[in-house]
Structures are given as structure tokens and as C-alpha cells.
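All remarks here apply to the structure that follows.
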Amino acid sequence: MNLFNVYPLYEVCPVKAEDVWVWDDKGNTYLDFYGGHGVISIGHSHPKYVSALYNQLKKIGFYSNAVENPIQEALAGKLTQLSGYPDYNLFLCNSGAEANENALKLASFYNGKKRVLAFKNSFHGRTSGAVSVTDNPKIKAPVNQCNPVTFLPLNDSGMLVEELQKGDVSAIIIEGIQGVGGLDEGGSQFFRDVRQLTQEHSAILILDEIQSGYGRSGKFFAHQYHNIQPDIITMAKGMGNGFPIGGVLISPMFKAVYGMLGTTFGGNHLACVAGLSVLEVLEDEKLIEQVNKISDYFIEKAKKITQVKRIKGRGLMLGLEFDFEISELRKSLIYKHHIFTGGANNKKLLRILPPLTVKKEHVDIFFKALKDSLAGSPFNHVSL
Ligand SMILES: Cc1ncc(COP(=O)(O)O)c(C=O)c1O
């Protein structure tokens, strides 16, 4: 049987990983500055995470949501402490798309409305509701086009007012910092306008922190730079450090009703143990402070590279914009220098999403390789 061939692959086969390092089947060592789409938060195979999962698996790996599971409560308790949302409720699921799907449903259950406002260049996942609010027609099938969605430019409060005044908007969904789109973000005033306008027009504000959450931006959630509180926050990626888990933080204004949301696998014992140990390590190793220090160091070094035209993002969710398309540069980094990096919808943007445990010495290795790849290469002069 062949695999359904939907992923273009780099010719690298990782077989082992530890902290910021990955080894392939030929024994080559790679520096991971991408974390498998921003998933690795506390470092690959962190010993505390590995032993927590191993010990849990020996006891019980799974039972359904029809029985009590105190690890879910423990995870919610720890999340309360670290996230700054003590009175919100937690719904657990398995992925980012699923978290957004549940958020959109909750909003629509709450206010009985349908239309969603999303933003140009957004990415919210591939399931039906999530892909309908994603600004990429290529990944939407006709069956996904039933939901009424309007895409607006970021930072245009006037257009928001115009749309909200029509009275049919159920929710606004916005990324803390756009990931796949290429590291654009709303300004503080815009986030405050979004918050105020949704309240004035009985629409729900959904903050997608699936990529920008869990410390990656230098705060627990990226929207916390703007002093607003959304009604719903969605999380995944860094939440499980590779174990599939997603979550929805839900304001107390939503009343839970039995059966309104549900999942077979979401919140299972193994996923909760993974999520709990991620939070414990984030706290014990003061990783968010570390993110800010390393981010400053990275940005200072990036400023010295003349080919870098713009540095985007925050914390360790960063983008280096060049005036040429970066696919060859990424290939040079991965095949010649053995460093994983990411791309974006913006073809000139190199995306940097290392584990949050990354150190200055690793940043130095990255910049040495970047300089070497840029020097004497076609990208040095070509402007595409
Ligand atoms: C901001 C954002 N939302 C949602 C998703 C979808 O998450 P998943 O692939 O876990 O469904 C992603 C994935 O890249 C994302 O970056």
C-alpha cells in the first residue's frame, strides 16, 4: 500500500532526537530550528516528559470521557497557574483544527449566529469549520464552503465596524501572531478595538494561540502583549511537545451542557500527562524568561545580516524576510549545514521556531551557517 502522497518531503529520516538535536538514520546530526511546525516546546525527548509518559503508559494509557480522570483536573490546575486565566474552563481535544472547530461551534451555540470574520492570510486548520476561516482557497473543497466567512485585512478597525454593524457575526477569529501566513500580527490598538467591538455587537472573540501560545511569543499567550481577554482561546502544538493534544479555554460566560462538545480521544491519560509535564518543565526551567533572552540575542545577530530585510514576530516565533524566495536557502541550511528551518505563505520569509530550550551557542551555529549559505550563493544578488 502506498501512502497518500500529499506531503513534499525533504530527504531526511529522523530516528532519534534530544533537546534541540535530531539524528537521522545515517547518523547525521541536525539542529532543530523549526520544532516540526512549532510543536517542540520543552525540547525533544525531555527526560521528565519521557518518564512521565512511560510511567503513565505502564498504569493506564486511555479510557474514555465517560469516567473520572484526575489528570485532566491536574492539567487544568497547572494551566490556571501559568496562563493567567483562573476562571476559564478547559475543553480538551486532539489537534489545533479541532480546537478551532469547537471554538467556532461554541460561539455559534452561544449567540445563534453564523457568519465569522477572519483575517487575510490566516491559517486555522484543515477540518471543515477551521478551513473555512483559513484564507487559502487551494485547501478548501466545495463541501467546506458552506459557512459564511468574511476575510478582512489586519489592523483595519473601520472595516470591522462595517461588518459587525450588519448584526449577523457570530465570531471573530484571529491568530495571536500569524504563523503559516508569515508572522504578521495585529497591533495593540487593533486587538483592543476587536475586543471592544465584539462586545458591543454580541460577537465572540476567538484567539487562536495554537502556534503563538505556550510561551513561544515570550508571554504565555501572544495576545497578553495587548492587555485583552478573549472569550475563547485555542491551543495545541507546544501544549504536548509532540504528543497530540489540543485545548479550548472558555470564558465562564459560556454555560456547559452535557453533550454540547465531545471527543473519544481528547483528554486521554497519556495526552494529559504529556500536557502536564510540558507545563511543569516550562515553569521549573523558567523557559519563558529564557525565550525572551534568546530572542533578543537572535534579533541582535539577525540585524547584522545585510541580506535580512525585515525581522518579524516575537519571542521564538520569528521570521527573517529576504528580498528573494528562500526555498533554496532552506535546502542549503538543511542539506549542507544540517539545520531545520521553516517556510511560510510569504515565500521570502524564513521561519524560525526552535524548541524553547534553545541556547545562545545554538543561535551562533545557526548564524554561522546562514552567513555561509548566503555568501557567494545565487541568493546573495538575486531579487525575485
Ligand atoms: C495558528 C494555527 N491554527 C491552527 C492550526 C492547525 O493545527 P493542527 O495542524 O494541529 O490541526 C495551525 C497549524 O499550523 C496553526 O498554525
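Side-chain atoms are counted along with the backbone in the values below, which use heavy atoms only and exclude waters and symmetry mates. Counting starts at 1 for both ligands and their atoms, following the listed order.
Separation of the F366 and F298 ring centroids falls under the 6.0 Å cut-off. For F119 and F190, the ring centers are positioned less than 6.0 Å apart.
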For ligand 1, output the ligand-protein N/O contacts shorter than 3.5 angstrom; if there are none, return none.
{"residue": "ligand 1", "atom": "3 (N)", "partner": "F123", "partner atom": "O", "Å": "3.4"}
{"residue": "ligand 1", "atom": "3 (N)", "partner": "D208", "partner atom": "OD1", "Å": "3.4"}
{"residue": "ligand 1", "atom": "3 (N)", "partner": "D208", "partner atom": "OD2", "Å": "2.7"}
{"residue": "ligand 1", "atom": "10 (O)", "partner": "G96", "partner atom": "N", "Å": "2.8"}
{"residue": "ligand 1", "atom": "11 (O)", "partner": "A97", "partner atom": "N", "Å": "2.8"}
{"residue": "ligand 1", "atom": "14 (O)", "partner": "K237", "partner atom": "NZ", "Å": "2.9"}
{"residue": "ligand 1", "atom": "16 (O)", "partner": "Q211", "partner atom": "NE2", "Å": "2.9"}

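Residues satisfying the side-chain hydrogen bond (donor to acceptor under 3.5 Å, both in side chains) test with S202, not counting sequence neighbours, are none.
Judged as a ring pair (Phe, Tyr, Trp, His ring centres under 6.0 Å), not a single pair has a partner in residues 120-173 (not counting sequence neighbours).
Under a 4.5 Å side-chain heavy-atom criterion applied to ILVMFWY residues, the cluster that includes V12 comprises Y10, V22, Y30, Y34, I177, L183, M317, I334, Y335, F340, L349, L353 as well.
Under the 3.5 Å distance criterion, the side-chain polar atoms of T341 are left unmatched by any main-chain donor or acceptor of R351.
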